[in-house]
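Order of the sequence lines fixes the chain letters, A, B, ..., with proteins taken first and strands second; residue numbering starts at 1 for each chain.
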Protein chains: 2
Amino acid sequence: MRIGQLAQLVGVETQTIRFYEQQGLLPPPDRQDNGYRVYTEKHGEGLAFIRRCRILGLSLAEIHELQSYQDDPYQPCTAVNALLDDHISHVRSQITALQTLEKQLVSLRASCNDDREIEACGVLAGISEGNMHQQ
Amino acid sequence: MRIGQLAQLVGVETQTIRFYEQQGLLPPPDRQDNGYRVYTEKHGEGLAFIRRCRILGLSLAEIHELQSYQDDPYQPCTAVNALLDDHISHVRSQITALQTLEKQLVSLRASCNDDREIEACGVLAGISEGNMHQQ
DNA sequence: TAAAACTATAAAGCTACTATAAGGTCAATA
DNA sequence: TATTGACCTTATAGTAGCTTTATAGTTTTA
């Protein structure tokens, strides 16, 4: 399988595949005589794994960590679970931060309407005065 | 006021101030004979405005837009309100995306415990098999 | 006087790609 | 056969919003 086929199979751009190889997330494949990369099903599985991790919001460094665990199949998987727990708490703190932010934005927005001039704009005044009373 | 004092006043690093100047968000201040930047209170207010916008999650481009409105005080402020409305809906969609993600992560985490070996790890299996059933 | 603390510029690094440039390879067509 | 088009190669730059590093000049302090 050449790079374009693999890309289409997994739904990624070819540059992304080369990028993952360069970052050490995908093993360098064999090459044809003309230098073209030749991929196997294994590569397809590896690439799909990476993409699913990315969809779950894991960083490339975290994916690299998971891969290193996979290379050691008889170790306990506590580290994998810990990595996921960390990621979950990270996502949760992002959510609460954004919810706080949303409240601030909505209250700021409520301080103005469209019938004013810039000079009297409640939104701009609110930002300028800095009454954002955050924690 | 020199750059270090301004930085301490607003709670930013000096490089950040130079960066904002370079990006056209802060007007270039006067210079001493030795080349040192000299700031006024106006600069302090401008910098504080930028920081509050950043805390509200606005991009530098959006801040630039707000500044251009401020330079035109007798225009109606509909554009300001529209910018904020856009930003609010952006934040909201981020929140719902993260909430969906959290559910996926929690259910993935529930598929494993710490008493297994990597080989039997429910988390890794879950990612590999790709049963992430997202829309 | 010499070190510490401050300032200056320019350039690279960070994340996870995406885009662009310049070129080599291959199969099919005119 | 020449050439077109689709594919492949590498290398480099761009994205956002800074942060870090390098190198050097200036001011303050001990």
Asks: With sequence neighbours left out, write down each residue that passes side chain to side chain donor-acceptor pair (under 3.5 Å) with Arg109(B), or none if nothing qualifies.
Replies: Asp85(A)
Asks: When all nucleic acid strands are considered with a 4.0 Å heavy-atom cut-off, which category describes Arg37(A): base, sugar-phosphate, or nothing?
Replies: sugar-phosphate
Asks: Which nucleotide span of DNA chain C, 5' end to 3' end, has atoms closer than 4.0 Å to non-hydrogen atoms of chain A?
Replies: dA16(C) to dC26(C)
Asks: For residues 2-15 of chain A, please give each side-chain donor-acceptor pair under 3.5 Å, one per line with the distance, not counting sequence neighbours.
Replies:
| unit_1 | atom_1 | unit_2 | atom_2 | d |
| --- | --- | --- | --- | --- |
| Gln5(A) | OE1 | Arg2(A) | N | 3.0 |

Asks: Which heavy atom of Gly122(A) sits nearest a heavy atom of Cys112(A), and at what distance?
Replies: N-SG, 3.3 Å
Asks: Could you pull out all residues at least two apart from Glu119(A) that satisfy side chain to side chain donor-acceptor pair (under 3.5 Å)?
Replies: Tyr74(B)
Asks: Nucleotide by nucleotide, 5' to 3', does protein get under 4.0 Å of the base (B), only the sugar-phosphate (S), or neither (-) in nucleotides 15-28 of chain D, counting heavy atoms?
Replies: --BBSB----BBS-
Asks: Just jot down the salt bridge (Lys or Arg N to Asp or Glu O under 4.0 Å) partners of Asp72(B), sequence neighbours excluded, or say none.
Replies: none
Asks: Taking side chain to side chain contact (heavy atoms under 4.5 Å, CB included) as the test, write out the residues that go with Ser59(A), two or more places apart.
Replies: Ala61(A), Glu62(A)
Asks: Let me check the geometry of the helix from dT1(C)-dA30(D) to dA30(C)-dT1(D). What is the bend angle between the axes at its two ends, five pairs each, to 10°?
Replies: 40°
Asks: Taking CZ from Arg31(A) and C1' from dC8(D), how many angstroms apart are they, rounded to a whole number?
Replies: 10 Å
Asks: Tell me every residue that passes side chain to side chain donor-acceptor pair (under 3.5 Å) with Asp86(B), counting only those two or more places apart in sequence or in another chain.
Replies: none
Asks: Output a table of donor-acceptor pairs, distance under 3.5 Å, between side-chain atoms of residues 16-30 of chain A and any protein atom two or more places apart or on a different chain; print 'none' if there are none.
Replies:
| unit_1 | atom_1 | unit_2 | atom_2 | d |
| --- | --- | --- | --- | --- |
| Tyr20(A) | OH | Arg51(A) | NH1 | 2.7 |
| Glu21(A) | OE1 | Arg37(A) | NE | 2.8 |

Asks: Can you list every ring-ring contact (aromatic ring centres under 6.0 Å, His included) pair that touches residues 22-66 of chain B, not counting sequence neighbours?
Replies: Tyr39(B)-His43(B)
Asks: Does Val38(B) have any side chain to side chain contact (heavy atoms under 4.5 Å, CB included) partners at least two apart in sequence or in another chain, and if so, which?
Replies: Gln32(B)
